[in-house]
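Throughout, residue positions are numbered sequentially from 1 according to the sequence presented. Atoms within each ligand, like the ligands themselves, are counted from 1 in listed order. Predicted, not measured: the structure shown is a model, and the values here were computed from it.
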Amino acid sequence: MATISRLHARQILDSRGTPTIEVDLYLTDGSMGRTAIPSGASTGTHEALELRDGDKSHFLGKGVLTAVANVNDKLNSALAGKEFASQEGLDAFMLELDGTANKSALGANAILGVSMAFAHAVAKSKGVQLFEHIKDVYGATEYKLPRPMFNIMNGGKHADWSTDIQEFMVVIENRDYPEMLRAGAEIFLHLGKLLEKKGLSTNIGNEGGYAPGFANNEEAFAVISEAIALAGYELGKDVFFALDVASSEFYNAETHTYDLKTEKRSLTPTEWMNLIESWMAKYPFTSIEDPFAEDDWASWVEFTARNGDKVQIVGDDLLVTNIERVQKAIEMKACNALLVKVNQIGSLTETFKAMHMAESAGWHNVVSHRSGETEDVSISHIAVGTAAGQIKTGAPSRGERTAKYNELLRIAEVI
Ligand code: PGA
Ligand code: ZN
């Protein structure tokens, strides 16, 4: 039982310098929860609506003052003095108040801000850490430190299209979390030195990974492989590749082709599938996210039939953390893992429902940040408290990314 006393939202900046919403929620016992909402760049078209002001004279139209006002006025008057027995009770109340399918009345950013701030406040009120409270809410049977996917090379929309593939990630063979973090960081540091030696750029993209740019996507695997060896790790034994292709961003729906801009060629879905499979034949992959566009269901189904027993196939833009799309993907056997992004759906309860649905189908869950992030570390707690087992939160670089990795180090000390 928790009674909300008041809400206060403000507009702050995210890691791209774009406004986002931060919400403070006070309970009547004095406990306060605070959270800030992230934002995507390569967003799925089926995501819940992130409410932005659209006033071009204010932050180029990206302000969130309407969402802030919705919290401070509408949600505050509806919620102040109300008692909620559960997270689900609060989230259901807000969904009804909003009344739209995609949260466009109040804004998914406003609703999620209140949903998450409530979880933070209730954890404080119980005198526990957020991950402990989340374990209760989710109904997990254990805590689990997640295995990270380190996005050490950025491309696509996150890095001025230096490659078509958005995220080249490394996954460390399962070991203690601090050791996995160390390995990820050592590979990242060696990659930086290697790029410098090759005369390539060491500037970084939105998620902290390097973005030197190559004539074709495959060259990136060769360079990262070299960095892994220089760091003293063995590819295929200590370290594996994972990809987020984010292919909706270069899929051409009119021609039904995947248009590789860096390689200056357009591939049919079959040719594109063959190319991905040729990479899989050469390099060890544990996970491939969004290999096909968000509505190219037929290619997803075929790819999963051909490779689902060999590799984790993760739906991000395909699923948008939405139970209707997760259900459809389970029925169609379109993938075998869910990328979990709280702001794609806009409440903790709906996020957890999607995760439970994925788990019941025998899928894995990967808890994820967005390319536009803040210092907020809630996702580290969500990963541990739901025992998801995997997290992707960028390179071990840039404060908004290391904040999550460092929070996991702190959690690792107490569980
Ligand atoms: P986004 O990218 O936050 O820009 O959507 C992350 C991802 O695609 O996984
Ligand atoms: Zn993605």
Judged by modelled atom types alone, do Thr35 and Asp376 share a side-chain donor-acceptor pair under 3.5 Å? yes
Which word best sums up how the rings of Tyr138 and His356 line up, parallel for under 30°, tilted for 30 to 60°, or perpendicular for over 60°? parallel
With a 4.0 Å heavy-atom cut-off, what residues sit around ligand 1? Gly40, Ala41, Ser42, His158, Gln166, Glu167, Glu207, Asp244, Glu289, Asp316, Leu339, Lys341, Arg370, Ser371, Lys392
I would like to know whether Thr321 and Leu339 meet side-chain contact (heavy atoms from CB on, under 4.5 Å); could you show each step before the answer? CA-CA 7 Å; Thr321 320; Leu339 196 79; over 6 Å; no
What protein N/O/S atoms sit under 2.8 Å from the Zn ion (ligand 2), by chain and number? Asp244 OD2, Glu289 OE2, Asp316 OD2
Between the side chains of Lys261 and Glu249, is the shortest nitrogen-to-carboxylate-oxygen separation below 4.0 Å, so that they form an ion pair? no
Run the salt-bridge test on Asp316 and Lys392 with the 4.0 Å N-O cut-off and return the result as yes or no. no
So which heavy atom on Asp259 is nearest to which on Ser266, and how close? OD1-OG, 2.8 Å
Determine the sole option in Thr286, Ile152, Asp244 for which the side chain to side chain contact (heavy atoms under 4.5 Å, CB included) test with Met169 is passed. Asp244
Assess Lys135 against Tyr143: is NZ or CZ under 6.0 Å from the centre of the six-membered ring, and within 45 degrees of the ring's axis? yes
Is it the case that Lys333 places NZ or CZ above or below the six-membered ring of Trp300, under 6.0 angstrom from the centre and within 45 degrees of the axis? no
